[in-house]
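The residues of the chain are indexed from 1 along the displayed sequence.
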Amino acid sequence: LVKIAGWQRARGFLFDGEYQYRDVFVGGDIDASAWRLASLLGWTADLERLVGKTEEAATAEGEEEKRKMKEKGAAHMAEKIAKAEEANSDDVA
């Protein structure tokens, strides 16, 4: 931001002053503040849609992770069975 704005050095946010009209501090819960801002701007439906997509993606990602873990577990179990069968065949011979 410093390079984009062409400032010589960063001093952090400045919430008061003649030329500091863009920096805003909103205290409190970040989620509640984001929803309030979206509401004030008429973006509630857009935010709901984005949150829904994010939740869907997180759920899909979680399901994919579960699937991979099951496959990995099944492969591990198959490997153990193969080793046990091999050890048993060596004992019989």
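- Considering only residues two or more places apart in sequence or on other chains, Ser39 meets the side chain to side chain contact (heavy atoms under 4.5 Å, CB included) condition with Thr44.
- The CE atom of Met77 lies 11.0 Å from the CD atom of Glu79; values are rounded to the nearest 0.5 Å.
- With rounding to the nearest 0.5 Å, the separation of CG in Leu50 from NZ in Lys53 is 6.5 Å.
- Taking a 6.0 Å sphere around CD1 of Ile30, one finds it holds 12 or fewer heavy atoms contributed by other residues, nucleotides or ligands.
- When all heavy atoms of Ala34 and Leu47 are compared, the closest pair comes out as O-CD2, 4.1 Å.
- The NE2 atom of His76 lies 15.5 Å from the CD atom of Glu71; values are rounded to the nearest 0.5 Å.
- Annotation for Gly27 and Ser33: closest pair O-OG, 3.8 Å, computed over non-hydrogen atoms.
- For Trp35, the CH2 atom counts as densely surrounded, since its 6.0 Å shell holds more than 12 non-hydrogen atoms of other residues, nucleotides or ligands.
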